[in-house]
Amino acid sequence: MAKGNEQPGSGTAVAGAAATGAAAQTESSLFQTYARYPISLVKGKGSWLWDDQGNRYLDFMCGLAVTSLGHAPEKVGAKLKAQIDELWHVSNLFQIPGQEKAAALLTASTCADAVFFCNSGAEANEAAIKVARRYQQKVKGEDRYEVITFAQSFHGRTLATLTATGQDKVKEGFLPLPAGFVTVPLHDIPALEAAIGPKTAAIMLEMVQAEGGVYPVEPEFVKHVRKLCDEHGLLMIVDEVQTGMGRTGKLFAHEHYGVEPDVFTVAKGIGSGFPVGAMLGKGFLRDAFTPGSHATTFGGTPLASSVVIATIETMLEDHLPERAAEMGDYLMTSLRNRLAGNSFVKEVRGMGLLVGIECAEPIGDIVLAGQKRGILFVSAGPNVIRLLPNLYVSKEEIDEAVSLVATLIEEYVAAKA
Ligand SMILES: *Cc1c(COP(=O)(O)O)cnc(C)c1O
């Protein structure tokens with residue numbers, strides 16, 4: 001088979017490829033979209049992971065806010081195994097009782113009345129953008145399509161959602177971007193008001209800018225967004241892909257603000273690691289999506305639905321949002337106490353078990369040092385250590401993590417001095 005290391009149109013093979021360091025990368029058959037850590041994780045249980053060398057890690061990232069019930073949660077696993085023996089997939093052209101049940105569980109527990117299931121956060125946000133445009137254009141008959149988003153936000157990697165994202169780095173090399181998106185600075189009410197015009201369809205925001213550095217949005221600002229949406233007939237879309245499913249101490253983070261969005265999206269924590277996303281909306285949006293207007297092959301299959309039902313039921317039965325609130329307070333208080341007076345640490349902030357430690361410098365080396373010490377966490381922006389334990393995390397595990405992270409920070413500072 002002909003292999004394609006020559007660039008199209010370049011005539012001859014690019015002889016320099018190996019010499020320029022491409023050799024190491026071409027050993028893998030994967031596109032190198034990740035700078036992967038040299039660790040192969042092969043087993044997980046609860047808060048712990050093991051690599052193929054037998055090393056054990058305390059997991060304070062959870063696949064990035066995904067495995068909120070811990071690794072290999074037994075109740076969800078049992079439901080998934082039972083469903084595997086029954087039926088994996090049917091087309092959404094048929095009734096799917098599990099999907100109905102999953103949706104009913106979500107609408108019973110939230111301010112939403114209708115759910116569209118898909119497979120990822122970006123897809124859920126695409127559905128939110130599409131429902132906003134179609135509602136304004138088809139239902140209200142107005143030529144409105146523009147979505148206002150905020151600087152430092154993150155909404156996904158599809159063309160529409162990376163355009164909605166308020167960070168230039170995700171847009172590099174992907175021009176031209178789809179039209180119809182405007183980004184304004186967060187917490188800047190005059191800029192937001194100035195951006196609203198006759199084409200505006202929706203305002204979309206996170207309640208905690210997670211990828212952007214773990215910045216909880218000011219309550220007054222959230223209330224003002226709601227007010228502006230009401231005054232101008234705009235949809236308020238809340239991206240709860242990372243903050244949803246109990247992570248922040250409520251089932252959904254907007255509940256902290258006493259505000260009901262018209263649309264919100266969920267993904268990471270809703271499938272315990274199985275790929276699921278969902279767009280949830282108010283009843284008045286039902287007419288915006290009619291048969292044929294939006295669709296997905298894989299969304300809400302019997303297999304996915306069994307996992308969603310088991311995940312939600314477990315979260316509610318075990319009061320995991322409340323637990324996340326309590327453990328999040330304990331984690332943040334412990335970090336503040338342990339790190340008090342450390343001038344390298346600028347701030348400890350967060351909501352529930354979505355916690356950031358803002359440092360004076362980039363923290364990439366601290367992440368790597370943590371892996372050597374047996375703890376996994378990630379950054380949020382260059383300078384923020386982000387901690388995302390599972391919602392069953394114990395006080396003992398938090399104590400261990402706080403001690404490890406504080407020691408790593410102290411050692412980093414001492415090594416530089
Ligand atoms: C992770 C994330 C997304 C994208 O989700 P994918 O499943 O990776 O497509 C969107 N919005 C927020 C807030 C996220 O944290």
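What you see below is based on every heavy atom in this structure, not just the backbone, and it leaves out hydrogens, waters and symmetry mates. Since the structure is predicted, the reported quantities are computational estimates derived from the model, not experimental observations. Just so you know, ligand 1 is whichever comes first in the structure, and atom 1 is the first atom listed for that ligand. For reference, positions follow the sequence shown, starting with 1.
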Next on the checklist: Any donor-acceptor pair under 3.5 Å linking the side-chain atoms of His254 with those of Glu260?
Outcome noted: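 No, His254 and Glu260 have no side-chain donor paired with an acceptor closer than 3.5 Å.
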Next on the checklist: Just by distance, no angles: are the side chains of Thr311 and Ser272 close enough, under 3.5 Å, to form a donor-acceptor pair?
Outcome noted: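 Yes, side-chain donor-acceptor contact under 3.5 Å.
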Next on the checklist: Checking Gln136 now: which residues fulfil side chain to side chain donor-acceptor pair (under 3.5 Å) with it, not counting sequence neighbours?
Outcome noted: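 For Gln136 the side chain to side chain donor-acceptor pair (under 3.5 Å) partners, ignoring immediate neighbours, are Lys140.
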Checklist entry - Mind checking what makes side chain to side chain donor-acceptor pair (under 3.5 Å) contact with Trp48, not counting sequence neighbours? => result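 Trp48 satisfies side chain to side chain donor-acceptor pair (under 3.5 Å) with Glu397 once adjacent residues are dropped.
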Checklist entry - Who are the residue neighbours of ligand 1 when the rule is a heavy atom under 4.0 Å from any of its atoms? => result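 Ligand 1 pocket, heavy atoms under 4.0 Å: Ser120, Gly121, Ala122, Asn125, Phe154, His155, Gly156, Glu206, Asp239, Val241, Gln242, Lys268.
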Checklist entry - What's the verdict on side chain to side chain donor-acceptor pair (under 3.5 Å) for Asp51 and Ser40, showing C-alpha distance, side-chain angles and the deciding distance? => result CA-CA 5 Å; Asp51 70 15; Ser40 296; over 6 Å; no
Item to check | Set of residues satisfying side chain to side chain contact (heavy atoms under 4.5 Å, CB included) with respect to His319, sequence neighbours excluded | outcome: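 Only Glu322 meet the side chain to side chain contact (heavy atoms under 4.5 Å, CB included) criterion with His319.
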